[in-house]
Amino acid sequence: MCGIIGYAGTRQAAPILLEMLRRQQPYDGDTSTGVAVIHEGKLYYRSIVGDVDALIRETDVLELPGTLGIAHTRPGANKAFPPMHPNISRNGKMALVTNGTTPMTKYSPGWSDA
């Protein structure tokens, strides 16, 4: 089962989301990890094939601004498969995470929010 979490508060969301994912990781996944946050109406996101530590090591995820966000981690998926979550709309204004495997539908990468 996937690990899905969210944060809305007054502190920077990305570090909190990553710590929450790290705590879930032994139970809910380490194959694909992603975070999306909103700051001043703009969506920022990072995802990777790998665990929380890989996301931190290989991206600037800890520097993402914003006090509202969602995050996802997936267990046991094919490590060659690109990370799907968070899914970002084509216009870059919306992020979505789902539990389980989502078929190639409107919820897949690049889905339209029209």
Side-chain angles (χ1 to χ4, degrees):
M1 186 160 301
C2 299
I4 299 172
I5 51 136
Y7 173 79
T10 59
R11 297 173 33 205
Q12 184 184 6
I16 294 167
L17 293 167
L18 290 165
E19 180 56 29
M20 293 166 75
L21 283 181
R22 183 178 276 120
R23 291 178 186 196
Q24 285 184 310
Q25 196 167 259
Y27 313 102
D28 293 326
D30 63 355
T31 302
S32 179
T33 307
V35 171
V37 297
I38 295 175
H39 179 67
E40 296 180 352
K42 184 174 179 189
L43 183 65
Y44 298 84
Y45 60 94
R46 301 293 182 270
S47 61
I48 193 168
V49 173
D51 63 9
V52 171
D53 291 329
L55 183 64
I56 292 169
R57 186 175 55 252
E58 298 179 28
T59 73
D60 64 346
V61 69
L62 287 173
E63 306 306 317
L64 297 180
T67 59
L68 173 68
I70 57 175
H72 177 273
T73 188
R74 166 177 287 138
N78 181 343
K79 290 192 183 248
F81 190 73
M84 286 185 61
H85 298 285
N87 292 320
I88 307 301
S89 64
R90 285 188 182 143
N91 68 6
K93 293 184 179 183
M94 192 178 337
L96 170 78
V97 296
T98 61
N99 192 20
T101 302
T102 305
M104 298 306 276
T105 66
K106 71 176 189 172
Y107 299 115
S108 298
W111 58 279
S112 174
D113 46 358

Query raised in the report: Of all residues at least two apart in sequence or in a different chain, which pass the salt bridge (Lys or Arg N to Asp or Glu O under 4.0 Å) check with R46?
Result: D60
**Report entry** Single hit among L55, I56, V35 for side-chain contact (heavy atoms from CB on, under 4.5 Å) with I48
**Finding:** L55
Report task. Kindly indicate whether the side chain of L18, heavy atoms from C-beta on, has any atom under 4.5 Å from the side chain of V61. Result -> yes
Donor-acceptor pairs under 3.5 Å, side chain of residues 4-16 to any protein atom, not counting sequence neighbours: which ones?
unit_1 : atom_1 : unit_2 : atom_2 : d
Y7     : OH     : T10    : N      : 3.4
Y7     : OH     : R11    : N      : 3.3
Q12    : NE2    : L62    : O      : 2.9
Q12    : NE2    : L64    : O      : 2.8

Query raised in the report: Which heavy atom of A36 sits nearest a heavy atom of P86, and at what distance?
Result: CB-CG, 3.6 Å
Query raised in the report: Quick one: NE2 on H72 to CG on L21, what's the gap to the nearest 0.5 Å?
Result: 9.0 Å
Report task. Decide side-chain contact (heavy atoms from CB on, under 4.5 Å) for L17 and V37; before the verdict, give the C-alpha distance in whole Å, the side-chain angles of both, and the deciding distance to 0.1 Å. Result -> CA-CA 10 Å; L17 293 167; V37 297; 4.1 Å; yes
Report task. Tell me, please, which residues at least two apart from E19 pass salt bridge (Lys or Arg N to Asp or Glu O under 4.0 Å). Result -> R22, R23
Query raised in the report: Any sub-3.5 Å donor-acceptor pair from T73's side-chain atoms to T33's backbone N or O?
Result: no
Report task. Could you grab the distance from atom OG of S47 to atom CD1 of I88, nearest 0.5 Å is fine? Result -> 7.5 Å
